[in-house]
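Positions are given from 1 along the sequence. These numbers come from a predicted model, not from an experiment.
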Amino acid sequence: MSRRIRWAAGAAAVLGLVPGLAACTPGPWPMIAVRSVGGDPVVLLASCDDFQIDRISVYPTSPDPTESTDGPRRRIERTGTVVPDSMPLFGPPPDGWTVTDDGLTEPAPGGLYGLGAASGTDDAVPVNFTVEDLAPLGADEVLVGRSGSRQEKVTEQEFRRRAGQSC
């Protein structure tokens with residue numbers, strides 16, 4: 001086999017790996033969950049050395065990801081250094097956090113909401129929920145996001161285990 005053919009075959013093999021490497025780029029992190037405490041939505045947060053949540057958003061959404069949904073939103077941003085294990089989605093945020101958009105003051109019954117969080121330019125896996133989804137959760141149960149705008153009920157321990165494995 002000539003040197004040119006071997007070089008071309010080697011180059012083709014290397015170039016064939018490039019799309020596979022792009023597919024290894026980490027996707028959204030499984031670092032948030034939601035539950036109801038006393039009838040109020042609470043977000044559970046997890047962190048890694050590479051992923052420290054610095055903003056949380058709650059917004060109206062649609063079960064159809066291609067459909068645009070407008071409406072009031074709520075955005076909470078970290079101004080301090082501490083990421084708590086959990087915090088209420090509505091009402092005053094904990095110390096070191098501030099509300100930067102308070103258009104949404106409480107979720108409406110029957111409304112579908114998205115809960116998102118981010119660390120720099122990396123996103124957490126969003127969680128879609130309704131007030132009715134949260135009501136039947138047990139004391140140790142939370143909703144976590146899944147692909148395709150779906151959610152899953154798991155224990156808090158399972159949420160924390162999955163978050164830790166993603167670090």
Treat each ILVMFWY residue as a node, draw an edge where side-chain heavy atoms are under 4.5 Å apart, and state whether [X] and [Y] are in one component.
X	Y	result
Ile56	Leu134	yes
Phe129	Leu104	yes
Leu137	Val37	no

From [X] [atom1] over to [Y] [atom2], what is the distance, rounded to the nearest 0.5 angstrom?
X	Y	atom1	atom2	answer
Ser62	Asn128	OG	CG	9.0 Å
Glu158	Glu152	CD	CD	7.5 Å
Tyr59	Thr69	OH	OG1	10.0 Å

key: Audit row: Gln151, Val144, side-chain contact (heavy atoms from CB on, under 4.5 Å) steps and yes/no   = CA-CA 5 Å; Gln151 70 272 1; Val144 295; over 6 Å; no
task = Using side chain to side chain contact (heavy atoms under 4.5 Å, CB included) as the criterion, point out the one residue from Asp123, Asp122, Val125 that pairs with Trp29.
result =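 Looking at Asp123, Asp122, Val125, the match for Trp29 under the side chain to side chain contact (heavy atoms under 4.5 Å, CB included) is Asp122.
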Between [X] and [Y], is there a donor-acceptor pair closer than 3.5 Å when you use the side chain of the first and the backbone of the second?
X	Y	value
Trp97	Val82	yes
Arg78	Ile53	yes
Ser119	Gln52	yes
Thr79	Gly96	yes

key: Test log, rule side-chain contact (heavy atoms from CB on, under 4.5 Å), inputs Leu89 and Arg74   = CA-CA 8 Å; Leu89 286 176; Arg74 181 167 178 87; 5.6 Å; no
Taking all non-hydrogen atoms of both residues, which atom of [X] and which atom of [Y] are closest, and how far apart?
X	Y	result
Phe90	Pro41	CE1-CG, 4.0 Å
Ala139	Arg35	O-NH2, 3.4 Å
Gly120	Asp54	N-OD2, 3.1 Å

task = Report the C-alpha distance between Arg161 and Gln165 in whole Å, list the side-chain angles of each, state the deciding distance to 0.1 Å, and finish with yes or no for side-chain hydrogen bond (donor to acceptor under 3.5 Å, both in side chains).
result = CA-CA 6 Å; Arg161 186 189 69 74; Gln165 284 183 333; 2.8 Å; yes
task = Run the numbers on Leu115 and Val43 for side-chain contact (heavy atoms from CB on, under 4.5 Å), then give the verdict.
result = CA-CA 8 Å; Leu115 170 62; Val43 61; 3.7 Å; yes
